[in-house]
Structures are given as C-alpha cells and as structure tokens.
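FYI, side chains are in, hydrogens and waters are out, and symmetry mates aren't considered; it's all heavy atoms of this structure.
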Amino acid sequence: YQLHQEENSILHSPYFLEKEMLTAVTAGNKEDFQKIVKSFLDYSIGQISDTVEKSIEYSAITFLALVSRAAIAGGMEPGLGYNLSDLFLQQIAKCTSVDEYLFIIENIEDTYFNEVIRAKNSLKEPVPLRKAKAYIAKNLSKKLVPEEIAMEACVNKSYLMRLFKKHLDMTITEYIGRSRIDAAAEM
C-alpha cells in the first residue's frame, strides 16, 4: 500500500490541518474553516476506493463524523448532533453523483456551523431561558403549556414570557411552533 501511494506521488493532508479544521468548527469560526478547507486542495485523499464516487462517499462520511463531533464539542446539543448525523448519512447513501456528494458536504458544513453558533449565542441567554428552551426541545411531541415550562425553568410564567420576548423577540407559543417546524424540516 505504502509503495503504491509513493509510486503515484499521493501526498496526504497533514494531521495539523485536520486539527485546525476541527478547532475552527468547535469555535464556530466558519471563515477560518473555509480557508483551511482550501488548503486541503493541495493534498490528495489517496486511493480509498476503486471509483471516484466511492472515494468521495467515504470522504463525505469521514467529514460528517469529524464535523459532527467537533460541533458537539463546540456546544451543540449532542442529541441533535447525532440525529443530524444520522439524517446526513441517509442522504449520503442516496447520492449517485459527485455533485450530489458535494452538495451534501456543503449542507453538512452549513448546518453544523449554524448549530455551533446558535449554541454559543444561547450561552449568553439567562439560565431560566436556556432551561425553558431545553425543556421545549426535549418535549416537542407533547402538549406544552407556558405554566409547565416556567415551572421547569424555576421561574414564574410572566417572567419567562418577558424573557422570551426580550431575548428571542417572540412569545413562548411562537417559539414552540417554530421549534416544531424546524424539527419537522430536519426529518
């Protein structure tokens, strides 16, 4: 294997570039990430399959695994990270062309970066608001009422309603509705 790689002058990307790429994901720094990805173009992935399509499929799966774990390390809710990973794996399995794989890879990048940025921004929110959002996310399939959510967040209903309006510019009911729509769109 090594002789074959050397005879064909295949130069693999250095590990430090992978580490920098993952650090950029964890930090939610998409600009640095895209610069690092461009650096990867100077290297080859090697011959990991007999066909170009299969090589790109394996690369997409590897990319998904690395980016999803880095996003979770960056603050993304683990359950969401794993669920998205499963959905992307299903999409990768259906790809039939290089363009479809590249589209999925770009979608993976955008989705996980948006979630890391959202997670980092939510850390600036008051604890009761974060508790309420987490409770809503875990119970989207159930009937949710503001009184119950406030109790879970350890605050009274009117205070929680003010927090939603002040920090999210929407009511609790609007937030629940939007969360359900977002969850359905990710299926």
Side-chain angles (χ1 to χ4, degrees), residues 1-123 133-134 136-138 140-141 178-187:
Y1 176 77
Q2 185 176 357
L3 180 61
H4 172 75
Q5 300 288 66
E6 289 172 3
E7 286 175 350
N8 291 303
S9 300
I10 296 173
L11 182 61
H12 286 280
S13 58
Y15 178 64
F16 81 88
L17 275 181
E18 289 181 21
K19 284 181 63 176
E20 286 180 9
M21 181 182 79
L22 298 176
T23 299
V25 174
T26 303
N29 190 333
K30 194 169 185 177
E31 187 177 314
D32 281 357
F33 176 84
Q34 289 172 335
K35 287 178 189 174
I36 295 163
V37 168
K38 286 180 182 172
S39 299
F40 275 97
L41 299 177
D42 296 335
Y43 301 94
S44 170
I45 58 171
Q47 185 175 349
I48 58 178
S49 178
D50 292 337
T51 66
V52 172
E53 289 81 8
K54 216 36 149 168
S55 291
I56 292 176
E57 178 183 2
Y58 295 155
S59 295
I61 292 168
T62 302
F63 178 77
L64 172 60
L66 293 172
V67 168
S68 64
R69 284 9 179 221
I72 291 168
M76 180 180 188
E77 197 273 310
L80 176 60
Y82 295 129
N83 288 340
L84 285 173
S85 181
D86 292 345
L87 292 172
F88 281 123
L89 282 171
Q90 293 168 19
Q91 291 175 8
I92 289 169
K94 294 176 185 174
C95 289
T96 58
S97 71
V98 172
D99 287 340
E100 289 177 357
Y101 287 116
L102 295 176
F103 177 77
I104 296 293
I105 290 169
E106 189 175 308
N107 199 358
I108 290 167
E109 177 187 328
D110 289 341
T111 301
Y112 280 98
F113 266 99
N114 289 341
E115 290 302 325
V116 169
I117 291 165
R118 185 183 312 182
K120 291 194 179 304
N121 287 339
S122 75
L123 292 176
K133 287 171 62 177
I136 291 167
K138 289 179 184 172
L140 278 178
S141 63
R178 182 171 292 166
S179 297
R180 287 180 172 149
I181 289 169
D182 289 346
E186 291 174 2
M187 294 183 156

Do you know which of Val25, Ile117, Asp110 makes side-chain contact (heavy atoms from CB on, under 4.5 Å) with Lys30?
Asp110
Has Lys120 got a side-chain atom pairing as donor or acceptor with Ala27's backbone, closer than 3.5 angstrom?
no
Identify the two heavy atoms, one from Ile36 and one from Leu17, that lie closest to each other, and give their separation to 0.1 Å.
CG2-O, 3.6 Å
Separation of Asp32 CG from Thr23 OG1 (nearest 0.5 Å):
10.0 Å
Say you draw a straight line from CG of Leu87 to CD1 of Ile108; how long is it, rounded to the nearest 0.5 Å?
11.0 Å
Where Met76 and Leu80 come nearest, the two heavy atoms and their spacing:
CE-CG, 3.7 Å
Phe33 vs Tyr112, test: side chain to side chain contact (heavy atoms under 4.5 Å, CB included). Steps then yes/no.
CA-CA 12 Å; Phe33 176 84; Tyr112 280 98; over 6 Å; no
In Å, rounded to the nearest 0.5 Å, how long is the span from CE of Met21 to CG of Asn29?
13.5 Å
Look at atom CZ of Arg180 and say whether more than 12 heavy atoms of other residues, nucleotides or ligands are closer to it than 6.0 Å.
yes
From CA spacing to verdict: side chain to side chain contact (heavy atoms under 4.5 Å, CB included), Gln34, Glu109
CA-CA 10 Å; Gln34 289 172 335; Glu109 177 187 328; 3.1 Å; yes
Straight-line distance of Lys133 NZ to Ser179 OG, nearest 0.5 Å:
8.5 Å
When you look at Val67 and Phe113, which way does the side chain to side chain contact (heavy atoms under 4.5 Å, CB included) test go after all the steps?
CA-CA 9 Å; Val67 168; Phe113 266 99; 5.8 Å; no
Just how far is it from atom CD of Glu77 to atom CD1 of Ile72, taken to the nearest 0.5 Å?
8.5 Å
Phe103 backbone acceptor or donor facing Asn107 side chain under 3.5 Å
no
Do side-chain atoms of Ser68 reach the backbone of Ala65 as a donor and acceptor pair under 3.5 angstrom?
yes
Residue pairs fulfilling salt bridge (Lys or Arg N to Asp or Glu O under 4.0 Å) with at least one residue in residues 56-71, sequence neighbours excluded:
Lys54-Glu57
Do you know which two heavy atoms are closest between Leu64 and Phe88, and how far apart they sit?
CD2-CB, 3.7 Å
Counting only N and O atoms by type, is there a donor-acceptor contact under 3.5 Å from the side chain of Ser85 to the main-chain atoms of Gly81?
no
Hey, could you give me the CZ/CD1 distance between Phe63 and Ile56, rounded to the nearest 0.5 Å?
13.5 Å
